[in-house]
Amino acid sequence: VQLQASGGGLVQPGDSLKLSCAASGFTSNYYKIGWFRQAPGGERQGVACIAIAGGSTFLPDSDKGRFTISWDNANNTAYLQMNSLNVDDTAVYYCAARPFSYYCGDSVPFVEEYDHWGQGTQVTVSS
């Protein structure tokens with residue numbers, strides 16, 4: 001199993017970015033993808049989740065107006081569209097997968113739940 005995160009960069013407050021997480025090596029689509037972020041000096045925290053089979057998603061209410069999570073079956077890629085970025089969104093963003101799971105639940109993903117991790121992509125929001 002491999003996950004390849006990309007799409008980060010240096011942007012100004014108010015800008016948008018679309019992060020990608022290309023997944024490979026899964027033998028079925030019963031897994032979920034979580035997006036996480038880790039700010040400098042902080043702990044890694046869950047941002048969003050999408051379950052590939054069934055399409056269950058979770059985003060916290062605080063981010064629903066700015067972030068969107070989606071999945072592209074043709075490319076086996078999860079996306080995190082982030083709009084109206086602010087300096088507090090500055091972090092390394094990671095995607096991770098938990099096999100044999102088809103439901104995101106009603107909370108942000110927890111680091112401990114996920115087995116496979118991508119390498120991270122840096123998002124820096126600065127004026």
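Owing to the predicted nature of the structure, the values given are computational and were not obtained by experimental measurement.
- Evaluation of the salt bridge (charged side-chain N to carboxylate O under 4.0 Å, His left out) rule for Arg44 yields no partner, not counting sequence neighbours.
- Looking only at atom types and distance, the side chain of Gln122 has a donor-acceptor partner in the side chain of Thr124 under 3.5 Å away.
- Counting all heavy atoms, side chain and backbone alike, Pro13 lies closest to Ser127 at CD-N, 3.8 Å.
- Panel note: side chain Gln119, backbone Ala5; a donor-acceptor pair is recorded below 3.5 Å.
- Side-chain polar atoms of Tyr93 and Arg37 form a donor-acceptor pair below 3.5 angstrom.
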Starting from the C-alpha separation in whole Å, work towards a yes-or-no answer on side chain to side chain contact (heavy atoms under 4.5 Å, CB included) for Val125 and Leu17.
-> CA-CA 10 Å; Val125 185; Leu17 277 176; over 6 Å; no
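- Linking ILVMFWY residues whenever their side-chain heavy atoms come closer than 4.5 Å, directly or via other members, leaves Phe67 and Val108 in distinct clusters.
- Hydrophobic clustering of Ile, Leu, Val, Met, Phe, Trp and Tyr side chains at less than 4.5 Å, counting indirect connections, keeps Tyr114 apart from Trp71.
- Between Cys49 and Ile69 the shortest heavy-atom distance is C-CD1, 3.5 Å.
- For the pair Thr90 and Ser126, the minimum side-chain heavy-atom distance is 4.5 Å or more.
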Show your working on side chain to side chain contact (heavy atoms under 4.5 Å, CB included) between Ser24 and Asn76 and close with a plain yes or no.
-> CA-CA 7 Å; Ser24 61; Asn76 286 337; over 6 Å; no
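- A donor-acceptor pair under 3.5 Å links the side-chain atoms of Asp15 to the main chain of Gln12, judged by distance alone.
- Taken from CZ in Phe100 to NZ in Lys32, the straight-line distance is 14.0 Å, to the nearest 0.5 Å.
- Hydrophobic clustering places Val111 together with Val92 (ILVMFWY residues linked when any side-chain heavy atoms are closer than 4.5 Å, directly or through intermediates).
- Heavy-atom contacts from other residues, nucleotides or ligands closer than 6.0 Å to CZ of Phe26 number more than 12.
- Contact detail for Ala48 and Leu59: the closest heavy-atom pair is CB-CD2, 3.3 Å.
- The ring of Phe36 has its center closer than 6.0 angstrom to the ring center of Trp117.
- Atoms OG and CD1, on Ser101 and Ile52 in that order, are 10.0 Å from each other to the nearest 0.5 Å.
- Under the 4.5 Å side-chain heavy-atom criterion for ILVMFWY residues, a single connected hydrophobic cluster contains both Leu19 and Leu3.
- Listed here is the closest heavy atom pair of Ala23 and Tyr31: CB-OH, 4.0 Å.
- Surrounding CD of Gln2 are at most 12 heavy atoms belonging to other residues, nucleotides or ligands under 6.0 Å away.
- Here the rule is side-chain hydrogen bond (donor to acceptor under 3.5 Å, both in side chains) with Asn75, and of Thr77, Asp72, Asn73 only Asp72 fits it.
- A donor-acceptor distance shorter than 3.5 angstrom exists from the side chain of Ser56 to the backbone of Cys104, with no hydrogens or angles considered.
- Residues Trp35 and Ala78 share a closest heavy-atom pair of CZ2-O, 4.0 Å.
- Glu43 contributes atom CD, which lies 8.5 Å from atom CD of Gln38 (distance to the nearest 0.5 angstrom).
- Ile50 contributes atom CD1, which lies 9.0 Å from atom CD1 of Ile33 (distance to the nearest 0.5 angstrom).
- Between atom CG of residue Asn83 and atom CG of residue Asp63 there is a gap of 11.5 Å, rounded to the nearest 0.5 Å.
- Hydrophobic clustering (ILVMFWY, side-chain heavy atoms < 4.5 Å, transitive): Leu80 and Tyr94 are in distinct clusters.
- With rounding to the nearest 0.5 Å, the separation of OH in Tyr30 from CZ in Arg98 is 15.5 Å.
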